[in-house]
Amino acid sequence: MTNNPVKIVETVLRDGHQSLTATRMRITDMLPVLEQLDDMGYYALEAWGGATFDACLRFLNEDPWERLRTLRKHLQKTPIQMLLRGQNVLGYNHYADDVVREFVHRSVDNGVSIIRIFDALNDTRNLECAMRAAKEAGAHVQGCIVYTISPYHKDSDFVKLGQELVQMGADSICIKDMAGLLRPYAAEKLIRSLKAEINIPIDLHTHFTSGMGDMTYLKAIEAGVDIIDTALSPFAASTSQPCTESIVATLEGSERDTGLQLTKLHDLADYFKTVKTNLAKDFNLNTNIPIDPKVLTFQIPGGMLSNLLNQMKEMGVADKYPQLLEEMPRVRAELGYPPLVTPTSQIVGSMSVLNVALGRYKMIPREVKDLILGKYGRTPAPVDPGIKRLAIGDAKQIDHRPADDIQPQMDKLRQQLANEGYPNASTEDVLSYALFPEVALNFFKNNR
Ligand code: CO
């Protein structure tokens, strides 16, 4: 039994506002309290990556790289942590190795110290390039186990994956439970299994979506988890992380006391309460998101359900919504039980909507075919043979690392950007353009 302090990663600057206010927190909302956050004694501040990069360029007219440099200037003591989607970087496609490498190096050079890297399919071949680059750049590399539930995901599989990540050079392991599916006693068992076999720190990242997050953390803490991710109360609970202050209070005086001062956290929480009110007003957001234990049955995060319902409304089939709830788990099984996280969640979601609206597999989008072809990596279980034949006929699934098929892209992107009128674009701008071409060009038009 460990009796070290539990280390806290504060997520208010990334996952907290991504989960509850559509990633709309601006750097100007953060600036007044950055020094206060820095003085708190957090293990790390998750502040970059995930959807923040896209949101900066698309909605906030902010240069994400400039935001990172500003954060670094004001956060002198606490490591800045980012979330990276392996070969997908922060976009939605696979990119060439040179893009991945350059992106990781530029992230570290501009201020990131800890890089959390995941792949939606837990295919470690999609993590190789990013992990190696992060090591070279001198970052702390956190490899992810994306948590999901299926007949093909046992604790022993997650332990094996954890061991593989250690061999690949991970400095710590994160269990990424993006939909709050990890139940308290399952967490206790999983953490114990991992701690028995793995000697680097284990971080648990959950969401409160199903209403179990606090209990899951407590059982994980009792089982010896080293690090947990929490958000200050205004940006905690519902589809975000469990609340920082509540966890700190829970552990106060125990052998795993976090050492964080509750009164100082209250001051920060007061500040962020105002920020949340302002964001709701400025961006017309509904921030009253209830917990949704149904996620345990359907495995679909709440935010995603509302997106799918909108898609169905647009197609005029909103009345078939109850069928969609049945269809999603079925499609997920047929497609080889991918964990539902960007981008596989969108792929399974869209296929399910089409099946319900038009008939099963009457129309099969490109992304579904690519998933079946192996272009996103290995699915945890084989794809249903009947569906495979329908989708790709006799085409052969690839069995090599998907990015091996992608030619280097950086030079070409630089050239394209020059043709668009930006011959002296910085490497950072080329990377923004690589990930979100139209959005980035629009941003450059207004700001360069
Ligand atoms: Co998350």
Side-chain angles (χ1 to χ4, degrees), residues 7-25 42-55 80-86 88-92 112 114-122 127 142-149 158 172-183 187 190 202-214 216-217 220 225 227-244 247 287 289 291-292 295-296 299-307 338-346 349:
K7 297 185 174 83
I8 303 283
V9 176
E10 173 61 56
T11 66
V12 67
L13 303 181
R14 206 287 294 177
D15 210 354
H17 73 97
Q18 180 172 326
S19 298
L20 297 187
T21 57
T23 333
R24 295 298 198 275
M25 199 187 287
Y42 289 119
Y43 172 71
L45 281 158
E46 193 197 37
W48 209 66
T52 63
F53 194 94
D54 188 359
I80 295 175
Q81 181 173 313
M82 77 169 289
L83 177 68
L84 187 83
R85 300 185 195 121
N88 290 350
V89 190
L90 300 176
Y92 306 101
V112 168
I114 303 176
I115 309 191
R116 173 177 292 173
I117 307 174
F118 80 95
D119 175 64
L121 294 176
N122 280 328
L127 304 175
Q142 189 172 74
C144 277
I145 297 170
V146 173
Y147 183 76
T148 189
I149 297 169
F158 292 130
S172 62
I173 302 281
C174 170
I175 303 160
K176 182 175 165 59
D177 176 28
M178 56 281 166
L181 300 174
L182 181 57
R183 302 179 195 211
L190 178 58
I202 310 279
D203 181 330
L204 178 57
H205 174 90
T206 195
H207 285 250
F208 205 76
T209 320
S210 63
M212 302 186 298
D214 289 341
T216 296
Y217 275 164
V225 79
I227 309 162
I228 55 170
D229 295 5
T230 62
L232 283 162
S233 49
F235 285 89
S238 60
T239 53
S240 177
Q241 273 74 58
C243 166
T244 307
I247 294 282
T287 57
I289 308 163
I291 59 162
D292 181 16
V295 73
L296 295 169
Q299 291 215 15
I300 315 166
M304 192 176 173
L305 274 178
S306 50
N307 281 344
L340 298 182
V341 64
T342 308
T344 45
S345 47
Q346 286 84 344

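Sequence positions, counted from 1, serve as the residue numbers for this chain. Atoms within each ligand, like the ligands themselves, are counted from 1 in listed order.
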Query - Flag, side chain of Glu10 to backbone of Leu232, donor-acceptor distance under 3.5 Å - result: yes
**Report entry** From Val9, Asp15, Ile175, residue fulfilling side chain to side chain contact (heavy atoms under 4.5 Å, CB included) relative to His205
**Finding:** Asp15
Query raised in the report: Under 3.5 Å, is there a donor-acceptor pair between the side chain of Tyr217 and the main chain of Asp229?
Result: yes
Query raised in the report: Is it the case that Gln142 and Ser172 place a side-chain donor and acceptor less than 3.5 Å from each other?
Result: yes
Query raised in the report: Got a donor-acceptor contact below 3.5 angstrom from the Ser238 side chain to the Ile291 backbone?
Result: no
**Report entry** Protein N, O or S within less than 2.8 Å of the Co ion (ligand 1), waters excluded
**Finding:** Asp15 OD2, His205 NE2, His207 NE2
Report summary line: Only one of His207, Arg14, Met178 passes side chain to side chain contact (heavy atoms under 4.5 Å, CB included) with Ser19, and that residue is His207
